[in-house]
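In what follows, a structure is listed as structure tokens, so that the remarks can point back to it.
These numbers were taken from a predicted model, which means no experiment stands behind them.
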Amino acid sequence: MTDNRKPKQALARRSFLQSASALTAGTAGVVAGAKSALAASADPAITELKDWNQYLGYGVDAQGYGVPSSFEDKTIRRWVPWLTASAESSVNFSPLYDLTGFVTPNGLHFERHHGGIAEINPAEHRLMIHGMVEKELVFTMDDIKRMPSESHFYFTECAANSGMEWRGAQLNSCQFTYGMVSTAQWTGVPLKWLLEYAGVKDGAKWILAEGADASGMTRTIPIEKARDDVLVAFAQNGEAIRPEQGYPLRLVVPGFEGNMSIKWLRRIELGDAPYMTREETSKYTDLLEDGRARMFTWVQEAKSVITNPCPERPVNGQGHYKIQGLAWTGHGKIKRVDVSTDGGKNWQTARLHEPVLSKCMTRFEIPWEYKGGDALLVSRAMDETGYVQPSMSELQAVRGVNSIYHNNAMQTWLVNPSGEVENVRLG
Ligand SMILES: Nc1nc2c(c(=O)[nH]1)N[C@H]1C(S)=C(S)[C@@H](COP(=O)(O)O)O[C@H]1N2
Ligand SMILES: [Mo]
């Protein structure tokens, strides 16, 4: 992997045992709950001298771009080959249970493409603004980067996240049922400034955004939203947007269904009526019981999921754990998350990790003692508008069971006596 490996040389042994025992004393309260704390003298991880403590490590990274520890090679995106016809029009799900905080590392952000990942040379990329504007504009990437910019943390969730679960628990997996949501710090130029340069003509009510990929993805966005918080982003978590996230330029439409955040953005047209594209008529509509379909259901409503424990992260015997997970809402900030361990009979309010940001994922956490037997873990998010995440039966009462999109119902994980965790439906 690296080409600057040197023969290993013995180093003097560092005196690290003292600091190890000081650490144990400092965390005694927490450790008291641990199942079996080995005495230091009986623990080979402490008593045996390891290679990494005796020999020089590798030199500075010769490849120029760091990668995670080789011990973390199971922390990866995964896809379900039978779910879609091809890898070019597919989904790669984020491993939510291996993440901490609320930022999704760039290599683990979920991916959803309709025509594969476009490989765009930024020198040949342009953004055109035309239609009902005073002057039509064409921007190079250099033009965009010279303009004033802003950085914001926003979640992106595909409207089809948890879409397989409408009629009952399907996949026994947190990754495949919830992994189409991710959060990044996006840097770019607020779209409202570009629209100001162009001069919006009276009567312009809608914008059409179009991607430069093979799918030529197009979506209509109301002008009020375009003039609010939409970003024309060129960076993601401090570096250029990754190819799979829309390099070199994408739209970020905070709080709205992910489909509207057009990647590989090349064109914005202003008009006086919605454009009724495929992605907002045939797709991304919600078929109701009476045969009518809801359209333009943009906002991703409050939703939460327990990421640990979960089917991929079972419980290892009785004892003290923390239940943690993620909550988000397209309407602003998460106000509260309640957690139940008995299927919703009793609830406790979880602690939210700061900062709690608008239209961004929020991490919640609560201590839990598993006393054996069956436990039914549920989380319920509430947002700053007072909206409370519904149960599946409440959601089905208004939407029926034909929908694919916008399933934000509460999720239940059943912890069974062996410690395994199962995806179950409580109603
Ligand atoms: N040009 C273009 N933009 C696109 C798509 C696409 O296929 N092409 N997929 C959309 C969908 S359905 C979603 S959910 C989000 C996913 O963004 P991500 O791949 O960065 O997670 O991008 C949206 N933008
Ligand atoms: Mo999507």
Is a salt bridge present between Glu244 and Arg77, judged by a nitrogen-to-oxygen distance below 4.0 Å? yes

Taking the inter-plane angle between the rings of [X] and [Y] on a 0 to 90° scale, is it parallel (under 30°), tilted (30 to 60°) or perpendicular (over 60°)?
X      : Y      : answer
His152 : Tyr154 : parallel
Trp413 : Tyr178 : perpendicular
Trp186 : His109 : perpendicular

Residues Gln236 and Asn106: side-chain donor-acceptor under 3.5 angstrom: yes

Arg167-Asn402 side chain donor-acceptor pair, cut-off 3.5 Å: yes

Strictly distance-based, threshold 3.5 Å: is any side-chain N or O of His406 a donor or acceptor partner for the main-chain N or O of Thr297? yes

May I ask you to check whether over 12 heavy atoms, not counting those of Glu150, lie within 6.0 Å of atom CD? yes

Is the number of heavy atoms from other residues, nucleotides or ligands under 6.0 Å of Glu119 CD greater than 12? no

Exactly one of Lys74, Arg78, Arg313 clears salt bridge (Lys or Arg N to Asp or Glu O under 4.0 Å) with Asp98, and that residue is Arg313

Atom [atom1] of [X] and atom [atom2] of [Y]: how far apart are they, to the nearest 0.5 Å?
X      : Y      : atom1 : atom2 : result
Glu165 : Asn407 : CD    : CG    : 7.0 Å
Arg294 : Arg399 : CZ    : CZ    : 3.5 Å
Phe153 : Thr104 : CZ    : OG1   : 11.0 Å

Ring-ring centroid check Phe176 Phe93, cutoff 6.0 Å: yes

May I ask you to check whether Phe296 and Trp206 place their ring centres under 6.0 Å from each other? yes

Using every non-hydrogen atom in the two residues, find where Asn161 and Met180 come nearest and quote the distance to one decimal. OD1-N, 3.1 Å

Tightest non-hydrogen contact, residues Ala214 and Gly115, listed as CB-O, 3.7 Å

Please assess Val181 against Val305 for the test side-chain contact (heavy atoms from CB on, under 4.5 Å), listing each intermediate value before the final yes or no. CA-CA 11 Å; Val181 65; Val305 62; over 6 Å; no

Kindly determine whether Trp298 and Lys225 satisfy side-chain contact (heavy atoms from CB on, under 4.5 Å), including the steps that lead there. CA-CA 11 Å; Trp298 300 310; Lys225 181 68 174 175; over 6 Å; no

Pair Lys303, Glu157 - check side-chain contact (heavy atoms from CB on, under 4.5 Å), show working. CA-CA 11 Å; Lys303 183 166 170 177; Glu157 183 184 22; 2.9 Å; yes

Dump the intermediate steps for side chain to side chain donor-acceptor pair (under 3.5 Å) on Glu280 and Thr220, then the final yes or no. CA-CA 8 Å; Glu280 54 204 23; Thr220 299; 2.5 Å; yes

Measure from NZ or CZ of Arg250 to the centre of the six-membered ring of Trp264 and say whether it is under 6.0 Å with the direction within 45° of the ring axis. no

